[in-house]
Amino acid sequence: MLDLKSYEVWFVTGSQHLYGEETLRQVDEHSKVIADSFNNSPEIPVKVIFKPVVKTPDEILQICREANVAPNCVGIITWMHTFSPAKMWIRGLTALQVPLLHLHTQFNRDIPYNEIDMDFMNLNQSAHGDREFGHIMTKMRLNRKVVVGHWQAASVLEKINTWTRVSVAKYKMQTMKVVRFGDNMRQVAVTDGDKVSAEMKFGFSVNTHAVGDLVQVINQISDAEIGKLIQEYEDTYDLMTSLGKGGGRRSSLYEAARIELGLKAFLEDGGYSAYTNTFEDLHGMRQLPGIGSQRMMAAGYGYGGEGDWKTSAMVHIMKVMASGMKGGNSFMEDYTYHFDPVNSMVLGSHMLEICPTIATQKVKCEVHPLGIGGKEDPVRLVFNAAAGPALNVSLVDLGNRFRLIVNEVEAVEVSESFPKLPTARALWKPQPSMEVGLQAWILGGGAHHTVYSQNLTTEYIEDLAEMLDVELVVIDKDTTIRGLKNELRFNEFAYK
Ligand code: MN
C-alpha cells in the first residue's frame with residue numbers, strides 16, 4: 001500500500017507589507033496554527049508544510065517555482081488572511097505547475113461582537129482578500145479547487161482530504177508506466193485510442209511488450225516460489241476440492257501461481273504500475289491470467305482486459321487515491337441486465353479479472369473452462385461484491401479530447417447464489433434510474449469497461465478532471481436526458 005505521508009502539500013498565505021510588522025507576525029502565527037493542525041489531522045493523509053507568509057511578487061514567484069521542483073510536493077493550499085493585491089500573484093501563478101487549492105477560510109470562526117475593533121478588522125480580511133485572489137485566477141483561466149468554511153469544520157477537512165489524495169494521484173501519473181502485453185482486442189473501438197495524446201495530457205506512458213517477453217519471465221519462476229504462493233492461496237481462499245492437495249486440478253493452480261509470480265516480477269522489474277493483456281494473444285502461456293490479474297489489482301496495480309490501457313491506468317490511479325480507505329476499486333464490465341420493471345439492475349463482472357478488494361465475505365478459488373482464447377482452464381477468484389453506494393468511471397478518447405464519465409450507482413446485496421456462474425459479480429442500480437442512467441451513459445459514449453469504486457465519490461473524479469483539464473460528464477440523481485444532451489452539445493463547443 002502506498003504511504004501517502006511521504007507526499008506533502010504546502011500551506012502558503014499571501015499578504016503585503018502595508019500592515020506593518022505586528023500584523024504580519026500574527027498572520028504568520030495564525031497560518032502556522034492552521035497548517036500544523038492540518039498536518040496533525042487524521043483526516044488529511046499527506047504532510048502539510050507551513051511556509052512563511054509571502055508579501056511581494058518575487059516571494060510569490062519564488063515559492064511557486066520551489067513547489068514545482070520540490071520532490072514529493074504534490075500541490076499548494078493558498079489563503080489570503082489579509083488582503084494580498086492579486087497582481088502580485090500573476091508571475092507566480094503563471095509559473096505554477098502543481099495543483100492549487102484555494103482555502104477560503106478565516107482564523108476565527110465567529111465574529112467577536114464585544115471585542116471587535118479596527119485592529120481585528122485589519123487582520124481578519126479573508127472575506128475580501130480571498131475574493132481579490134479568486135478574481136485573478138478566474139481572469140487567468142486557472143483551474144483550481146475552492147474550499148469554503150472554517151478550517152476546523154469537518155466538511156472542510158473532508159474536501160482537503162479528497163483534493164490531497166487526487167493531487168498525489170496526479171503527481172504519480174506524471175511518471176507512471178503502463179505496459180501492454182499484445183495489442184487491443186481486434187476491431188474493438190473504445191479500448192483503443194491515442195497513446196501519444198494520453199501521455200501529453202496525463203503524463204503516463206503506454207508501451208508494448210511481446211507476450212513472449214512475459215512468458216520468458218514466467219518460465220524462470222522457481223518451484224520454491226510457486227510452493228510458497230500456493231500456501232498463501234490456501235491460507236487466504238476457499239479452494240475448490242479439485243484444486244486442493246492431491247486434487248485432480250492441482251496442476252492448474254500450480255500454473256496459475258507461476259503466471260502470477262511472472263507477472264509480478266515483470267511489472268516490478270520494469271517499474272510498471274499498470275498493464276493490459278488480451279485473450280487473443282497468449283503465445284506460450286498455458287492459461288489466461290485470472291487469479292494472477294485479480295491479485296495484482298488487489299496489490300494496487302492497474303489492469304484492463306482486452307488491451308484496455310485507459311481503464312488500466314485509471315484502475316491504478318483510483319487505487320492511489322483510495323490508499324488506506326475501506327472498500328475497494330476494480331476493473332469492471334457491465335455484463336448483463338435484469339430488466340424486472342420493479343427491480344431493474346446491472347450485473348457487473350468480467351471473464352475473470354475482478355479485484356477481490358470489492359468482495360464481501362470469503363473469496364473462493366476455482367477453476368473452470370473459459371470458452372474463448374483456446375487455452376487451458378484458468379484459475380480465478382469467485383465472490384460477491386459488497387452492497388452500498390459506488391461509482392462507475394470511464395475514460396474515453398473522443399478524437400479531439402479525452403472525456404471522463406462517472407455514473408453514481410447503488411450496489412445491492414447479492415442474495416442469489418448463481419450456482420453456475422464461474423466469475424466474481426456485482427449487482428447495482430444506476431442513478432438516477434436504470435433507464436435514464438443507461439441512456440445517458442450511451443449518449444455520453446461511455447465504455448463497457450469501467451473502474452468500479454466503492455470508496456471514492458464523484459468529487460474525487462471532479463478534482464482529477466479539474467487538475468488535468470479534462471472534460472467530465474457526471475450521471476447522478478439529478479441527471480435528465482434533456483439536460484445531458486445540452487451539456488454534451490455545449491461541450492462540443494467548449495472543447496473545440
Ligand atoms: Mn472486457
Side-chain angles (χ1 to χ4, degrees), residues 178-193 195 198 206 208 211 259 263 274-282 285 287-298 301-319 328-337 345-359 368-375 377-383 385 390-397 404-405 407 409 418 421-428 430 438 441-442 444-453:
V178 182
V179 62
R180 312 160 75 218
F181 298 115
D183 205 337
N184 297 66
M185 180 179 165
R186 281 186 284 278
Q187 309 287 11
V188 176
V190 79
T191 58
D192 222 319
K195 301 187 287 292
V206 185
T208 189
V211 73
I259 291 171
L263 266 172
Y275 70 102
T276 70
N277 62 354
T278 166
F279 63 91
E280 285 176 339
D281 191 352
L282 295 172
M285 292 183 77
Q287 300 173 15
L288 178 61
I291 186 172
S293 288
Q294 293 178 292
R295 284 171 47 89
M296 291 309 287
M297 263 191 278
Y301 288 89
Y303 174 79
E306 295 94 50
D308 189 345
W309 51 272
K310 294 189 293 300
T311 308
S312 177
M314 286 302 296
V315 168
H316 175 67
I317 286 305
M318 288 173 64
K319 283 175 177 285
N329 291 272
S330 178
F331 174 66
M332 186 57 76
E333 181 164 312
D334 291 76
Y335 228 101
T336 201
Y337 294 144
M345 291 183 285
V346 179
L347 171 65
S349 189
H350 205 252
M351 293 185 299
L352 300 167
E353 309 91 344
I354 299 294
C355 177
T357 56
I358 67 168
H368 301 281
L370 192 60
I372 55 172
K375 294 284 170 176
D377 300 351
V379 176
R380 79 285 305 276
L381 299 173
V382 179
F383 53 86
L391 294 182
N392 271 313
V393 179
S394 173
L395 174 65
V396 296
D397 183 348
L404 276 164
I405 303 156
N407 187 195
V409 305
F418 293 95
L421 184 69
T423 63
R425 76 287 303 221
L427 285 171
W428 65 75
L438 303 187
W441 187 271
I442 285 173
H448 57 284
H449 285 166
T450 59
V451 188
Y452 179 84
S453 178

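Start at 1 and go down the list; that is how both ligands and their atoms are numbered. FYI, side chains are in, hydrogens and waters are out, and symmetry mates aren't considered; it's all heavy atoms of this structure.
- Residue-level check: among N/O/S atoms of E333, OE1 sits closest to the Mn ion (ligand 1).
- Atoms CD and CD, on E280 and Q187 in that order, are 9.5 Å from each other to the nearest 0.5 Å.
- With respect to the Mn ion (ligand 1), E306 has OE1 as its nearest N, O or S atom.
- A side-chain donor from one of S293 and Y275 sits under 3.5 Å from a side-chain acceptor of the other.
- Residue H448: no N/O/S atom is found under 2.8 Å from the Mn ion (ligand 1).
- A side chain to side chain donor-acceptor pair (under 3.5 Å) with Y303 is found for exactly one of T276, T311, N277, namely N277.
- For D308, every N, O or S atom stays at 2.8 Å or more from the Mn ion (ligand 1).
- Between the CE atom of M332 and the OG atom of S453 there is a distance of 10.5 Å, given to the nearest 0.5 Å.
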